[in-house]
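A short worksheet on the structure shown next.
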Amino acid sequence: MNDMSRLAGSAIDVETPKILARNVNVFYGDTHAIRDVNVDIANNTVTAFIGPSGCGKSTFLRCLNRMNDTIDSCRVTGSMRLDGEDIYDKRVDPVQLRAKVGMVFQKPNPFPKSIFDNVAYGPKIHGLARSKSDLEEIVERALRRGALWDEVKDRLHAPGTGLSGGQQQRLCIARAVATEPEVLLMDEPCSALDPIATAQVEELIDELRRNFSVVIVTHSMQQAARVSQNTAFFHLGQLVEFGETGQIFTNPEDPRTESYITGRIG
Amino acid sequence: MTHATDPALPVSTENGSLLRQDARTRRRNAAETRFKLYGVIAISIGLLMLVTLVTTIVSNGSGAFRQSFVTLDVELLESKLDKTGDRDLEQIKKVSTFGYAPLINGAFETLAAEQGVETALSAKEMGEILSKDAAAQLRDYVLANPDRIGTTAEFTFLANSRVDGYMKGRVSRDSIQNDKNISVEQLDFVDQLVNLGLIEKKFNPAFILGADASDQRPEAAGFGVSMIGSLFMMLVVLVLSLPIGVAASIYLEEFAPKTWWTDVIEVNISNLAAVPSIVFGILGLAVFINTMHLPMSAPLVGGMVLTLMTLPTIIISTRAALKAVPPSIRDAALGIGASRMQSVFHHVLPLAAPGILTGTIIGLAQALGETAPLLLIGMVGFVASNAPDGIVAGLLDPNSAMPAQIYEWAKRADPAFYERAWGGIIILLVFLVAMNTIAVILRRRFERRW
Ligand SMILES: Nc1ncnc2c1ncn2[C@@H]1O[C@H](COP(=O)(O)OP(=O)(O)OP(=O)(O)O)[C@@H](O)[C@H]1O
Ligand SMILES: [Mg+2]
């Protein structure tokens with residue numbers, strides 16, 4: 001783990017948290033998927049969620065922008081606050097929330113439309129572009145941030161579904177950043193990417209951190225160590241340990257964390 | 001490859017050779033071959049039946065599109081048609097078709113004399129080889145061209161259905177022994193006219209375009225007006241069932257919470273699809289005609305009844321099409337802050353469109369071929385002798401529909417109508433095949449992958 005050396009350089013913002021989750025429980029019908037989780041997502045930081053498969057990382061991530069509302073059997077209890085406001089308040093319109101808290105899904109899911117339309121859709125429905133050239137600019141910037149521009153600039157009107165798996169995932173990232181969210185939730189964004197594209201996406205994450213908060217789910221310990229400032233380790237629906245990434249990786253408090261990051265459970 | 005033949009390498013067949021099939025593999029392959037054979041047999045039987053069906057329909061029905069016509073010079077006698085001689089249309093109109101019949105009979109007499117046709121028939125009997133429509137045709141001509149009174153004009157009249165049957169081989173001298181409508185002498189006369197080239201079989205556009213005719217004049221009956229009736233009904237069905245069906249499906253599939261209540265609705269819709277169409281007919285009679293006092297026999301009511309029947313089909317296929325759109329597309333739209341409705345209308349619906357269209361067209365095709373409910377609301381029988389003029393009349397005036405017209409013809413006693421029923425079936429099938437082809441083409445065109 002020679003990536004550990006980099007940790008020293010990452011500064012941590014210790015202001016009031018952007019998102020504050022307290023005693024969060026999630027049920028799918030009778031399955032208790034998340035148990036009493038407390039997490040603070042700080043401003044201008046990258047928070048990594050790690051843990052073995054099926055431990056509830058995606059479930060918790062989806063709670064942060066209420067994507068779980070679309071699953072009928074899913075029930076969420078506890079309190080989650082974005083900038084101090086309860087996001088599960090009855091008065092909150094999830095549509096407005098999701099414009100602020102964007103998401104990149106675990107499986108790439110581009111619309112069966114052109115590459116351009118994929119990226120332009122969000123800015124269009126949120127009225128972010130005043131003119132056509134404005135929109136083109138937004139699309140180009142988003143595609144550049146998604147490290148995809150050079151590969152697709154000549155075929156913006158080709159279908160997005162015709163791209164390779166990794167390109168599709170970067171298209172989805174571009175689509176998510178095009179709406180300029182305040183928090184970006186990324187569910188294993190690099191699982192289908194080669195090392196070069198991964199490095200580009202990590203660079204993007206680091207850049208996004210300047211303005212936004214990023215939450216990233218990853219199965220790669222190295223990636224978590226490289227890009228994040230805070231790390232949360234989930235196990236069987238529980239938050240086992242949450243803290244500074246350096247702390248978690250060099251000196252974990254819980255023995256389960258230690259066994260996981262050293263590859264003994266997972 | 002070379003290794004297998006290399007003698008230096010010993011071949012070990014202890015665990016069975018790849019070059020020999022073991023008993024188990026042979027049994028599996030035999031089962032597969034048998035299964036393929038069953039499939040081929042099933043498809044062959046199906047094809048054979050289809051071919052039989054199509055040949056039967058075509059051989060029985062193609063005759064309806066050709067009709068025997070008699071060419072005749074008729075002198076439009078002023079003394080009969082316009083006694084006052086001042087060409088006053090009101091006066092000319094007073095002469096009924098009975099007044100025109102003698103002119104036709106006279107024309108035959110003249111013809112027989114001029115061409116040297118030997119016959120014992122009276123002028124009236126000669127005139128009987130023409131359709132009863134002939135006098136009306138003559139009258140229409142005179143009313144349209146009063147200035148031609150006093151001259152001789154050439155006409156092409158429909159031959160009587162018995163004569164037509166004789167020309168087509170359906171009627172013979174033996175078969176008419178007990179027939180009061182035609183005699184052997186008249187057939188002899190027809191033979192002579194055929195030799196003179198005055199009777200011939202021609203393509204008859206009036207069958208496709210014209211209106212039904214009374215029991216006595218099968219040769220004049222046409223399919224066109226009932227086609228218009230069907231067209232208006234389909235319009236009503238499309239306008240009502242597509243929006244209602246699609247809106248209901250979208251609501252049920254995308255918005256409604258999944259409770260026992262929506263389950264009840266779902267089960268009921270599936271049950272409705274299986275309800276016999278005659279039940280919808282009697283429902284339409286009770287509700288639309290007896291309670292709401294809408295007109296009998298109107299395509300509007302027919303369309304409304306067929307809408308009831310088509311809705312379940314459209315709802316079921318639309319819901320299936322919506323279900324087939326992967327949920328990840330909805331997540332993608334919601335994830336960047338689209339509302340539910342935006343996600344449905346911008347992303348889900350376009351992807352489901354081919355399925356919805358196919359379902360709708362198949363539902364329409366079903367409705368187009370439906371007869372039973374129309375019987376109950378009076379859209380069957382000799383209901384319309386003229387094409388409706390205008391859209392309102394098309395919707396509200398009594399009319400028939402294609403399948404009801406076929407049923408009506410098949411029900412009448414005269415075998416000449418039977419031929420027309422088959423002809424009508426050909427036209428109906430052409431429509432159905434065309435609609436299904438459109439469904440397939442649309443499906444191909446709009447189908448997108450994700
Ligand atoms: N839609 C659902 N309905 C019912 N149970 C679900 C649903 N989605 C997830 N679960 C259950 O919730 C638990 C957590 O799932 P989740 O997808 O959050 O895991 P994860 O940590 O993201 O795993 P992975 O790393 O494999 O993506 C699992 O036990 C899973 O079976
Ligand atoms: Mg997951």
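By convention in this document, chain letters (A, B, ...) are assigned in the order of the sequence lines, proteins followed by strands, and residues within each chain are numbered from 1. None of the values given here were measured: they were computed from a predicted structure.
- More than 12 heavy atoms of other residues, nucleotides or ligands lie within 6.0 Å of CG in B:Leu47, so this atom counts as buried by the packing criterion.
- Rounding to the nearest 0.5 Å gives a distance of 11.5 Å between CD1 of B:Ile336 and CZ of A:Arg98.
- Side-chain contact between B:Leu334 and A:Met103: absent, with no pair of heavy atoms (C-beta onward) separated by less than 4.5 Å.
- Around CD of A:Glu207, the count of heavy atoms belonging to other residues, nucleotides or ligands within 6.0 Å exceeds 12.
- Atom CG in A:Asp72 sits 6.0 Å away from atom NZ in B:Lys258 (nearest 0.5 Å).
- Summarising the geometry of B:Ala332 relative to A:Arg175, their closest heavy-atom pair is CB-NH2, 3.4 Å, with the distance given to 0.1 Å.
- Atoms CZ and CE, on B:Arg330 and A:Met67 in that order, are 11.5 Å from each other to the nearest 0.5 Å.
- Residues A:Pro112 and B:Leu351 come closest through the heavy atom pair CG-CD2, 3.4 Å.
- The number of heavy atoms from other shown groups lying within 6.0 Å of CE (B:Met292) is above 12.
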Could you walk me through whether A:Asp117 and B:His346 pass the side-chain contact (heavy atoms from CB on, under 4.5 Å) test, one step at a time? CA-CA 11 Å; A:Asp117 289 341; B:His346 294 165; over 6 Å; no
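- Within a 6.0 Å sphere centred on CZ of B:Phe35, other residues, nucleotides and ligands contribute 12 heavy atoms or fewer.
- Atom CG of B:Leu37 has more than 12 neighbouring heavy atoms from other residues, nucleotides or ligands inside a 6.0 Å radius.
- Counting non-hydrogen atoms of neighbouring residues, nucleotides and ligands closer than 6.0 angstrom, the CD atom of A:Gln96 reaches no more than 12 such neighbours.
- Shown here is B:Ile282, whose CD1 atom has no more than 12 heavy atoms of other residues, nucleotides or ligands within 6.0 Å.
- The CZ atom of A:Phe111 sits 10.0 Å away from atom OG of B:Ser328, with the distance rounded to the nearest 0.5 Å.
- Between the CZ atom in B:Arg340 and the CG atom in A:Asp69 there is a gap of 8.5 Å [rounded to 0.5 Å].
- Heavy atoms of A:Arg66 lying under 4.5 Å from chain B are absent altogether.
- For the atom pair B:Ser339 OG and A:Asp93 CG, the distance stands at 8.5 Å (nearest 0.5 Å).
- In B:Phe431, the CZ atom is not crowded: 12 or fewer heavy atoms of neighbouring residues, nucleotides or ligands sit closer than 6.0 Å.
- Shown here for A:Pro110 and B:Ile329, the closest heavy-atom pair between the two residues is O-CD1, 3.8 Å.
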